[in-house]
Amino acid sequence: MQFDNIRYIVSKPLGFKETERYPTVIFMHGAGTRGDNIEKLSKNPFFKDHNILLKEAIIYAPLCSEDTWFDIFESVRRFARFVSENKNTDKSRLYLVGASMGAYAVWQMLRADPELYAAAIPICGGGIYWGTERMKSIPVWAFHGKLDDIVLCEESIKMTDAINRAGGSAKLTILDEYGHSSWTYVYSNPEPFKWLLECTKEDVVSKIEEKFVSSEEFG
């Protein structure tokens, strides 16, 4: 499938019905999946059978065809709004999950359009920690491997600490025995995704039609 210049895949939950709305997840993959091979995206570790989200939520997974998500970030924002407006999307339960390069995208998506999302799980990423005031209303559960030497654990620490200083609700789980591939723990552990699905944003429906934030605000 394709929206704008972004190709993507969709996974639907068990017993899916066209007449119903479902919790919906936008999954942002890491650097190892980028390119033009959509089949590679479908084989990302996120889509293994042990991921409970595959049974309970609609999952949209865009493919990054450029070097980074930031090269196509305005398209990513439009894609997220497109997902939020789908007839089967429960607008009070739209979530973000991303790993590594995808986690950097998740943090920036929260900062750019916080009114869209009910909660997020960024894994082994980082972001602009002096801009976290905008995302303080969104529950975040971040994960990072203590032994990560590709994206240092301090990146997640800075982000979650900054959100909490701003009055938000962010928690961080540091995995002592993991390096960069801490996503393997998250994807196979039902607890983070159970937490995600319990988060709702009851006022998101009224905010969803607010003016789209200009990218100029973010430099």
Any residue meeting side chain to side chain donor-acceptor pair (under 3.5 Å) with [X], in chain and number order, not counting sequence neighbours:
X: Thr160; value: none
X: Asn88; value: none
X: Glu133; value: Lys136

Is there a donor-acceptor pair closer than 3.5 Å between any side-chain N or O of Ser156 and the backbone N or O of Cys153?
no
Side chain of Tyr60, backbone of Val83: donor and acceptor closer than 3.5 Å?
no
Hydrophobic clusters join Ile, Leu, Val, Met, Phe, Trp and Tyr when side-chain heavy atoms are under 4.5 Å apart, directly or via other members; which others share one with Ile174?
Ile157, Leu172
For [range], which residue pairs pass the salt bridge (Lys or Arg N to Asp or Glu O under 4.0 Å) check, not counting sequence neighbours?
range: residues 94-108; value: none
range: residues 146-156; value: none
range: residues 166-191; value: Glu191-Lys194

Side-chain heavy-atom pair [X], [Y] within 4.5 angstrom cut-off:
X: Val140; Y: Pro122; value: yes
X: Tyr22; Y: Thr89; value: no
X: Met101; Y: Arg34; value: yes

Decide if atom CZ of Phe47 counts as having more than 12 heavy atoms of other residues, nucleotides or ligands within a radius under 6.0 Å.
yes
Between Phe82 and Phe79, what is the ring plane arrangement, given parallel below 30°, perpendicular above 60°, and tilted in between?
tilted
Below 3.5 Å, can you tabulate the donor-acceptor pairs from side chains in residues 5-19 to any protein atom, sequence neighbours excluded?
| unit_1 | atom_1 | unit_2 | atom_2 | d |
| --- | --- | --- | --- | --- |
| Asn5 | OD1 | Ser75 | OG | 2.8 |
| Arg7 | NH1 | Asp36 | O | 2.9 |

Applying side chain to side chain contact (heavy atoms under 4.5 Å, CB included), name anything that partners [X], two or more places apart in sequence or on another chain.
X: Ala162; value: Tyr129, Thr132, Arg165
X: Pro192; value: Ile121, Trp141, Phe143, Val186, Asn189
X: Thr200; value: Arg93, Glu202

For Asn86 and Lys91 the tightest heavy-atom approach is O-NZ, 4.5 Å
Do you see a donor-acceptor pair shorter than 3.5 Å between the side chains of Ser100 and His180?
yes
Just checking His29 against Trp69, ring centres under 6.0 Å apart?
yes
Run the ring pair (Phe, Tyr, Trp, His ring centres under 6.0 Å) test against Phe70 and tell me which residues pass, sequence neighbours left out.
none
Side chain to side chain contact (heavy atoms under 4.5 Å, CB included) for Leu53 and Phe46? Distances and angles first, verdict last.
CA-CA 9 Å; Leu53 291 179; Phe46 180 82; 4.0 Å; yes
